[in-house]
Amino acid sequence: MEPYQFESRLNRPIMMKIPELKRNERLKHIIFSDQFDVEFLDDIRHLSDKIRDISKTRKGCNFLASLLSHKRAMLYFTQVSTRTFSSFKAACQILGMPCNNVRDPSVSSEYKGETPYDSIRMFSSYSDLIIMRTKQPDLAESCAYLMNDLNEFNQRNVPIINGGSGADQHPTQALLDIYTLQREFDFKSIKHHADGSYFEELKQKYPGLSRGMNHKVYGFCGDIGRGRTVRSLAHLLSLYEDVTMYFVHPDLPKLKLPDDLKNKLLKNNVTVKQFESLDDIVDKVDMLYMTRVQHEHDSEADRDAFEKYDKADFILTPERVAKMKDYACIMHPFPRNKEIPTSVDFDPKARYFMQARNGMWVRSALIAYLFDVDSQIIKHHSQTFDTYHTYNKEVL
Ligand code: NCD
């Protein structure tokens, strides 16, 4: 069978692709983190917070679960996944959307030689949303073009969400990373004393500190070259003002900051610096994003080179955590290997388990947005909570 030809579309600059992934003024397919702007990130943040609030009661859960009970999702994950798969499934469940899944091509017709495109088109016959993760970097993007072509011919087509495409992109991980940071740098959570006193105390010690994502130093450590989460997140952080990024990685071509990403960041006025030990940056960063070395992409030669470098420079020991700023947060997309010892897990700076939970809220917000039920959530939230707050103010 002749494969579909998407090469000419795949080889275009990313800015030319973005309009095609939209429907009217809204996003239709979620393929790259480049599709998001600061306004969208704020909207998703507020929607996620509202879903979170509404979910606190049974009545609220029942409301949310009524929103998409007439739709179905297909989770097509032929590359390993724990958090992305489970949190997408949980997100669908929050919205009442039943899901089916294929996690292993050897139990689908791909084993008999069916192309992923035929499989995807079949899934679109049975479901209203396809969330996919594959080893092949451009498959989710190609599937979005296939769906758009079907649309042109008035044939059934559904939105595609990229849940991780090879070493390339992981846009929804970047969304949840941003959501986690937005909440951290508000300095308003229970951990931060809601009355604002914590922020005032911090300002005494760190006079330049401001709320929000601007004017921050973001550190990344580990496999910068092949980490799709780093690529997607670094781009989104570069949309904020006065941002500095420090990258810590072994001096090996495959693991270092790739030139295309570096140039993209510099173009967005980010101050970029590279280091070879965590010691150079731990006391300077507002956030430290740790990553594992992505050994699944190794060649034989890589394996030999990777044996030789000193791993100690890239391990976040409790001694290094102790040198971090009081309010700094430690993030990790997980899975981890040895780069964060479990002894760090109970430190209040360690936010990676909360970060993973945030993925469920952000993904439910994203799905709600894609199916245009976000305004219903906003309305329900204001009807439930605005009255509640006014009432409380009067009686307290
Ligand atoms: C990451 C991924 O799959 O890219 N994990 C995740 O989705 N939370 C990071 C990794 O595999 O290292």
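One-based numbering, in listed order, for ligands and for the atoms of each.
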Inset, instruction - Report yes or no: does Arg45 contribute a side-chain atom to a donor-acceptor pair with the main-chain N or O of Ile178 at less than 3.5 Å? - result: no
Inset, instruction - Run the numbers for me: atoms of ligand 1, each under 4.0 Å from some heavy atom of His170, listed by number. - result: 2 (C), 4 (O), 6 (C), 7 (O)
Inset, instruction - Could you find the nearest protein heavy atom to atom 5 (N) of ligand 1 and give me its residue, atom name and distance? - result: Phe334 O, 2.8 Å
Legend entry - Polar side chain donor-acceptor pair, Arg351 to Thr180, under 3.5 angstrom: no
Legend entry - ligand 1 atoms in contact with Arg228 (distance to a heavy atom under 4.0 Å): 2 (C), 3 (O), 4 (O)
Inset, instruction - Provide the number and element of each atom of ligand 1 under 4.0 Å from a heavy atom of Pro335. - result: 10 (C), 11 (O)
Inset, instruction - Return a yes/no value for Glu296: is any of its N or O atoms, backbone included, closer than 3.5 angstrom to an N or O of ligand 1? - result: no
Inset, instruction - Start with the C-alpha distance between Glu184 and Asp286, add both sets of side-chain angles, then the distance that settles side-chain contact (heavy atoms from CB on, under 4.5 Å), and finish with yes or no. - result: CA-CA 10 Å; Glu184 284 298 302; Asp286 298 303; over 6 Å; no
Legend entry - Phe77 six-ring centre to Arg133 NZ/CZ under 6.0 Å and within 45° of normal: no
Inset, instruction - Could you tell me the residue and atom name of the protein heavy atom closest to atom 8 (N) of ligand 1, and the distance to it rounded to 0.1 Å? - result: Pro333 O, 2.8 Å
Inset, instruction - With heavy atoms only and a cut-off of under 4.0 Å, state how Thr291 meets ligand 1: side chain, backbone, both or neither. - result: neither
Legend entry - Shortest reach to atom 12 (O) of ligand 1 by a heavy atom, considering only Gln355, Arg292, Gln169: Arg292
Legend entry - Smallest separation among heavy atoms of Met245 and Ser238, with atom names: CE-N, 3.8 Å
Inset, instruction - State whether the side chain of Tyr117 and the backbone N or O of Ser142 hold a donor-acceptor pair below 3.5 Å, judged by distance alone. - result: no
Legend entry - Structural part of Arg133 in contact with ligand 1, heavy atom criterion under 4.0 angstrom: side chain
Legend entry - Heavy-atom donor-acceptor pair, Asp149 side chain to Leu146 backbone, under 3.5 Å: no
Inset, instruction - Kindly indicate whether a cation-pi arrangement holds for Lys216 with Phe185, taking the cut-offs as under 6.0 Å to the six-membered ring centre and within 45° of the axis. - result: yes
Legend entry - Numbered atoms and elements of ligand 1 in range of Thr84, under 4.0 angstrom, heavy atoms: 6 (C), 7 (O)
Inset, instruction - Please confirm whether Gln294 comes within less than 3.5 Å of ligand 1 when only nitrogen or oxygen atoms on both sides are compared. - result: yes
